[in-house]
2 protein chains.
Amino acid sequence: MNKLVSSLKEALALAGLRDGMTVSFHHHLRNGDHVINMAVAAMQELGVHDITLSASSLFQVHTPILSAFDDETITGVESDYVGGDVGRAISEGRLKKKAVFRSHGHRPADIESGKMHIDIAVIAAPSSDAAGNCTGKYGESACGSLGYAMPDARCADRVIVVTDNLVAYPLCDFSIPETQVDYVVTVDSIGDPAGIVSSTTRITRDPVGLKIADYAAQSILHSGLLKDGFSFQTGAGGASLAAAMYLKDIMLRQNIHGSFCMGGITGYLVDMLEAGCFEELMDVQCFDLKAVESIRTNPRHKEVSASHYAAPGKRGCIADHLDAVILGATEVDLDFNVNVHTNSQGVIMGGSGGHSDVAAGAKLAIIVAPLIRARLPLIVDRAGTISTPGKTIDLVVTQYGLAVNPASPRGAELRERLKEARLPVTSLEALKKKAEDLSGVPASVKRGERVVADVLYRDGTLLDQIYSIC
Amino acid sequence: MNKLVSSLKEALALAGLRDGMTVSFHHHLRNGDHVINMAVAAMQELGVHDITLSASSLFQVHTPILSAFDDETITGVESDYVGGDVGRAISEGRLKKKAVFRSHGHRPADIESGKMHIDIAVIAAPSSDAAGNCTGKYGESACGSLGYAMPDARCADRVIVVTDNLVAYPLCDFSIPETQVDYVVTVDSIGDPAGIVSSTTRITRDPVGLKIADYAAQSILHSGLLKDGFSFQTGAGGASLAAAMYLKDIMLRQNIHGSFCMGGITGYLVDMLEAGCFEELMDVQCFDLKAVESIRTNPRHKEVSASHYAAPGKRGCIADHLDAVILGATEVDLDFNVNVHTNSQGVIMGGSGGHSDVAAGAKLAIIVAPLIRARLPLIVDRAGTISTPGKTIDLVVTQYGLAVNPASPRGAELRERLKEARLPVTSLEALKKKAEDLSGVPASVKRGERVVADVLYRDGTLLDQIYSIC
C-alpha cells in the first residue's frame with residue numbers, strides 16, 4: 001500500500017473528483033494558506049465544474065480562487081467566515097449559487113449527521129508520515145491544533161493530506177490517524193508562516209480599546225461568575241485580548257483559580273494557564289506561535305475537534321460549559337442582534353466563526369466594540385445581517401457605557417450588579433443616540449435584488465439572508 | 001443538560017435497551033473488570049432478553065454472566081477472545097446462538113462499516129467528567145489506553161460511561177470526548193486493580209522458555225530486518241517478553257535504533273523505549289502499571305484506537321507496518337495454521353485477539369511455544385481450530401529447533417540466513433516426530449454435533465467453526 005501521490009492534481013483525480021462534488025478545507029493556516037489555492041488551480045486543470053467549496057473559513061489570501069468562480073469550476077461556497085476579496089466577490093454576485101454560512105459548531109454537526117456530505121476533504125498538514133498520520137504541531141508551517149479538520153477527515157468519502165514536512169512512520173503525536181486518510185501529497189510549502197500567525201493577536205494600545213477592555217473585565221468580575229472553576233473564552237481582537245490581560249491581573253490579585261479557557265488560543269491565554277489562572281486550555285485553533293509551542297509541550301493544553309468545541313446537540317459541547325465569553329461585533333441592533341458578516345455597506349467581510357455558538361453556550365456573552373468606527377455607529381436600528389441572535393447576548397460594552405440586555409435571563413441581576421459596582425450602565429438606545437450625536441445618522445444603504453448568501457443558525461434554521469450590493 | 005444517571009440499570013433503560021439489542025464492552029480492565037457483570041445483572045433486572053454481548057474480550061472474572069446465558073437474557077456473544085468458564089460454557093453449548101469470533105482488527109472494521117451495529121456501548125472509564133470526557137490514564141482503576149473502546153464509542157447509537165472517579169469538567173486529557181457520550185454513571189468500583197494488571201506480564205524464568213526466547217531473538221537478529229527503523233510487537237506471555245529482553249540487549253549492543261513498538265504494551269517495552277531501542281510506543285492496551293505510568297507521562301507513548309492498530313482495509317493500519325512480531329500458540333499444524341482458540345480437548349480458552357492481524361501485517365511473524373505442554377505436543381496434523389492461517393506465519397520456534405514456513409514469501413531467504421547463523425533449523429514434521437517420541441501420540445478428541453462458534457478471519461471470511469464438546 002502506497003498513499004504517496006506526486007501532485008495534488010493527481011490525488012484529486014485518484015479520489016474521483018467530478019462535476020458537482022463538495023470538496024472541503026480547514027482554515028488553520030489562515031491568511032498564510034497555500035493549499036486551497038493549489039487545490040482550486042488543480043480542479044481548473046482537471047476541467048471539473050460545479051464544485052462546492054466547503055471551507056471552515058476563507059481569507060484575503062484566497063483571492064486567486066475567484067477565477068474559478070468565473071469559469072464555474074466553483075459554483076458553491078459553504079463556509080463559516082469569508083473575508084477579503086472573496087467575501088466582496090460573493091456580495092457582488094460573482095458566485096453562481098447562493099453561498100451558505102454556518103457557525104463553527106453547526107458545520108461539524110452537519111458534516112457528522114450527513115446533512116453536509118463531503119466527497120473529498122483536503123487536509124493541509126504541517127507534518128505527516130507517508131501513511132497520513134498527521135498533525136499541525138510540528139514543521140515549518142506549524143499551526144498547532146487541527147481541530148477544524150477533524151470532522152472533515154472523519155466523515156469525507158476520500159481524504160487527501162497535503163504536507164511540506166514528510167516524517168518517518170509513524171508520526172506518533174498525530175491529530176488525524178492514517179485510518180482516515182487515502183492519499184498523501186508532498187509540496188514545497190503549504191503556507192506562509194507569517195500569515196499563519198494572525199496580526200489580530202496583538203493587544204490593543206488604543207486608549208479606547210483599553211477602556212472597553214477594562215469595562216469588560218470589570219463586568220466579569222462583578223457578574224458573580226468570577227470564582228474558582230471559572231471558564232472563559234475570548235476572541236483574538238485587540239480589545240478582547242486586552243480584556244483577558246485585565247482579567248488575568250484580577251484573577252491573580254484575588255487568587256481565583258479558573259477551570260478552562262476555550263477557543264482560538266493565543267499566547268495571552270497561554271500566559272494565563274502558566275500563571276495558574278486556568279487549569280486547562282481546550283484548543284480548536286492556535287492564533288500565534290506561543291500557542292503552537294504550548295499545545296506541543298503542555299499536557300494541560302489539549303487539541304479538540306470543532307464538534308467538541310461547539311457542535312450543538314443533545315450530547316453537548318465545550319461551548320455549553322462556558323461561564324463568560326468576550327466577542328466582537330460590526331453592528332449591534334436595538335434587539336441586541338449582532339452582525340459580524342457584513343460591513344456598513346452590506347459587503348461580506350467575515351462570518352460567525354464560533355460567535356453564535358459560544359454566545360448561546362456561555363452564561364455571560366459580552367460584546368465589546370467601540371461605539372463609533374470610521375464615523376459609523378456600532379448601534380443600529382436593524383443589523384445589516386443577523387449573525388448572532390440578540391436573545392443570546394447579555395451585555396454590550398463600549399467606551400461610553402454598558403448596555404445590559406433586558407431579555408437576558410440574568411439581565412436584571414447583572415444590571416444591578418454592574419450598577420452597584422459603579423460601572424456606567426446605560427441602554428442601547430442611549431448609546432445609539434450618543435453615537436448619532438457625535439457622528440450623525442448614517443445614510444441608509446440600498447441593497448441589491450439577489451440573495452447571495454443564506455446565514456444558518458447553529459440549529460440549522462435560516463437566521464438571515466445577505467443580498468447583493470448595488 | 002445533565003448526563004449523570006444514578007445507576008447503570010437506569011442508564012440502560014434511558015438508552016432504550018430492549019430485546020434483541022447488541023450491547024458492547026471493552027476489555028482494558030481485563031480479569032479485574034466489574035462492569036460487564038454489573039451491566040448484565042442490570043439487564044436481567046430489566047427483564048430484557050435476546051441481547052447480544054459484543055465484548056472485545058471476556059475473562060474468568062465474567063463467570064457470573066453465565067446465569068444470563070441460562071435465562072436467555074444473553075443469547076449471542078461476539079468477541080475476540082473468550083477465556084475461563086465463559087469459554088467452556090460456550091463449548092458446552094450453554095449459549096443459545098453460535099458465538100462469533102473476530103480479531104481485534106476485524107471487530108472495529110465491522111463496527112465502523114456498520115456490519116456490526118452496536119445499539120448501546122458501555123465504557124468502563126477509570127476517570128470521567130460529568131459530560132463524559134473520559135480516559136483510562138488516571139484513577140484508582142487506571143488501565144492506560146482505552147483503544148478498544150474507541151470504535152464502540154464512536155459508532156454506537158447510545159454510549160454509557162461508567163466510572164469510579166468522577167473529576168471536574170473538563171477532563172482535559174480525554175481519550176473519548178463528551179460528544180460521543182449520552183450518560184455517565186458513577187459506581188463504587190469499576191474493577192479490581194490487581195486483576196487489571198495481568199500476571200502474564202512477568203518474564204519467564206523457566207529455562208525452556210528462555211531458550212525459546214533466545215532463539216526467537218537470534219532469528220530476528222539474523223533475519224535481516226533488525227536495523228535502524230525496525231518495528232516490533234510481542235505478546236505478554238513469558239517467552240515473548242523474554243525474547244524482548246534478549247532483543248533489547250542485542251539492540252543496545254549493536255546500537256540499533258528502532259522505530260516503534262505496537263500492541264499491548266508492557267513495562268518491558270517501556271524499558272526499551274526509555275533505553276533508546278525504539279522511538280515510539282503505539283498503545284492499544286496497557287498490560288501493567290509501568291505501561292500505564294508511561295502512557296500518562298511520555299509523549300512518545302501514544303494511545304491508538306483498535307482500528308488504527310489493526311483494522312484491515314485499503315487505508316491500512318499500524319499492524320501493516322510491523323517488521324517482526326512474536327506470538328504464542330496452543331497448536332500449530334503442519335500447514336503452519338495456528339490455534340489460539342481451543343485447548344487440546346476442543347474447549348474454548350481464548351481467541352485471536354490481534355494474533356491473525358499482526359501475523360498478516362508483519363514482515364516476519366514468529367510463533368514461540370514449548371514443543372510439549374502438559375504432555376501434549378505443539379505440532380499437530382490439523383489444528384483444533386484455525387485461528388491464524390499458516391500462510392501468514394513465517395517461523396515456528398521451539399526449544400528443539402526452528403521451522404521456517406516454506407510457503408512464506410521470505411521463507412527461502414530466512415531459512416538460509418538462520419542456517420548460516422547456526423540456529424537449529426528443522427521442519428515442522430521433524431518437530432512433530434520429536435514431540436511424539438518424547439510423549440507419545442495424543443489420543444484424538446471426539447467433538448460434539450453442534451457448531452458453537454464461527455471464527456471469522458480479519459477480512460470477514462469464515463476461517464473455521466468450533467464444535468460443542470462431548
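To the nearest 0.5 angstrom, B:C172 atom SG is 11.5 Å from A:E303 atom CD. One distance of note links CG of B:D320 with OH of A:Y169; it measures 7.5 Å at 0.5 Å rounding. Taking CD of A:Q180 as the start and CZ of B:R315 as the end, the distance is 7.5 Å to the nearest 0.5 Å. Rounding to the nearest 0.5 angstrom, the gap separating the CD1 atom in B:I318 from the CG atom in A:N133 is 6.5 Å.
Interface remark: B:P177 contributes backbone and side-chain atoms alike to the contact with chain A (heavy atom separation under 4.5 Å). Heavy atoms closer than 4.5 Å to chain B are found in both the backbone and the side chain of A:P170. Neither the backbone nor the side chain of B:Y183 comes within contact range of chain A; no heavy atoms are under 4.5 Å apart. Heavy atoms of B:R296 lying under 4.5 Å from chain A are absent altogether.
Remark: side-chain polar atoms of B:K302 are paired, donor with acceptor, to backbone N or O of A:F174 under 3.5 angstrom.
Counting heavy-atom pairs closer than 4.5 Å to chain B, the top residue among A:M282, A:E280, A:E279, A:H321 is A:H321.
A salt bridge links B:D182 with A:K314; the closest basic N to acidic carboxylate O contact falls under 4.0 Å.
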